[in-house]
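Below is one structure, written out as structure tokens; the observations come after it.
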Amino acid sequence: MTNLFIAAVFFVGTHIGISSSALRTQMIENFGERPYRLLYSLVAAVGMIWMIVAFRSAEFVALWTPNSALNLIPLILMPFALLLLIGALTGSNPTALGQQLDADAGEPATGVIRITRHPMMWGIILWAGSHVIVSGDLASVLMFGAFAVLGLLGMISIDHRKTQENAPGWGIFVQSTSVTPFAAIAEKRQTLVLAEIGWKRVLATLVIYILLLVIHPLLFGVPAIQ
């Protein structure tokens with residue numbers, strides 16, 4: 001379990017430590033943007049692989065026993081997590097690595113960005129958090145918890161770095177969006193436009209969700225529906 005704990009700390013620490021510190025600026029100045037991204041991705045991959053390997057070999061330590069009500073939580077939340085992830089990956093996403101805010105765009109936020117300016121992070125949080133709840137063992141808390149913590153700290157880190165960079169249009173983008181899903185919409189700073197999300201993304205979410213339900217026992221050894 002110690003190995004898994006260290007791997008989880010390394011996974012979260014290197015993500016936040018590299019991307020949110022002066023080291024990021026120094027690396028970009030010394031090596032360039034593209035080599036920095038390559039090195040960052042390599043370190044992230046090493047951390048993830050280390051954590052998964054450590055998780056698979058960790059002893060089972062039960063913390064609580066999930067019941068039928070808890071087992072419903074990932075079934076309910078995963079479609080929303082997938083839709084946010086798909087929307088973040090297939091649409092304009094100024095908070096994603098490698099994408100920039102278009103200060104001349106007619107709308108500062110479109111698609112799932114209207115729901116939250118961090119759809120990728122929230123997709124990860126919903127996935128990881130729901131799996132922590134339904135697993136109930138220490139190893140799962142450490143691994144899935146690391147992803148959830150990374151999502152939470154990632155949102156803070158991205159906003160802090162982008163605010164420091166103060167790119168044209170960032171202030172307007174922040175004012176018209178929210179970290180908490182639907183908060184800007186509830187406060188009437190934003191409007192939900194379902195057409196911008198599109199039926200193709202909804203269909204892709206449904207197909208992937210059903211596929212995951214089918215192959216879950218093959219990939220992870222436990223059925224998604226219990």
Between D137 and W64, do the side chains contain a donor N or O and an acceptor N or O under 3.5 Å apart? no
Name of the residue among H118, R114, M120 meeting side chain to side chain contact (heavy atoms under 4.5 Å, CB included) with T116: H118
Heavy-atom side-chain proximity of F147 to V12 below 4.5 angstrom: no
Just by distance, no angles: are the side chains of N67 and T65 close enough, under 3.5 Å, to form a donor-acceptor pair? no
Please report the shortest heavy-atom distance between A184 and S176, naming the atom on each side. CB-O, 4.1 Å
Please give me the minimum heavy-atom distance between R117 and T95, naming the atom from each residue. O-OG1, 2.7 Å
Could you tell me whether the side chain of Y40 reaches within less than 4.5 Å of the side chain of H15, counting heavy atoms only? yes
Are there over 12 heavy-atom neighbours, none belonging to I6, within less than 6.0 Å of that residue's CD1? yes
Side chains of L75 and N71, heavy atoms from C-beta outward: is any pair under 4.5 Å? no
Same cluster for I124 and I76 if Ile/Leu/Val/Met/Phe/Trp/Tyr side chains link at under 4.5 Å? yes
Would you say L212 ends up clustered with Y209 if hydrophobic residues are merged whenever their side chains have heavy atoms under 4.5 Å apart, either directly or through other cluster members? yes
Decide if atom CZ of F5 counts as having more than 12 heavy atoms of other residues, nucleotides or ligands within a radius under 6.0 Å. no
For residues F144 and F60: do they belong to one hydrophobic cluster (side chain heavy atoms under 4.5 Å, members Ile, Leu, Val, Met, Phe, Trp, Tyr)? no
Restricting to non-hydrogen atoms, name the atom on G111 and the atom on E196 that form the minimum distance, rounded to 0.1 Å. N-OE1, 2.8 Å
Hydrophobic cluster membership, I86 vs L213, 4.5 Å side-chain cutoff: yes
Ignoring hydrogens, what is the shortest heavy-atom contact between M48 and F11? Give both atom names and the distance. N-CD1, 3.6 Å
State, to 0.1 Å, how close E59 and A139 come at their nearest heavy-atom pair, and which atoms those are. O-CB, 4.5 Å
Linking I/L/V/M/F/W/Y whenever their side-chain heavy atoms sit closer than 4.5 Å, directly or via other members, would V46 and V53 fall into one cluster? no
Restricting to non-hydrogen atoms, name the atom on R189 and the atom on S178 that form the minimum distance, rounded to 0.1 Å. NH2-CB, 3.9 Å
Side-chain contact test, heavy atoms from C-beta onward, threshold under 4.5 Å: evaluate it for N3 versus W50 and give yes or no. yes
Min side-chain heavy-atom separation P108-T177 under 4.5 Å: no
Is the backbone of W127 close enough, under 3.5 Å, to the side chain of S130 for a donor and an acceptor to pair up by distance? yes
With F80 via side chain to side chain contact (heavy atoms under 4.5 Å, CB included) - residues at least two apart: L126
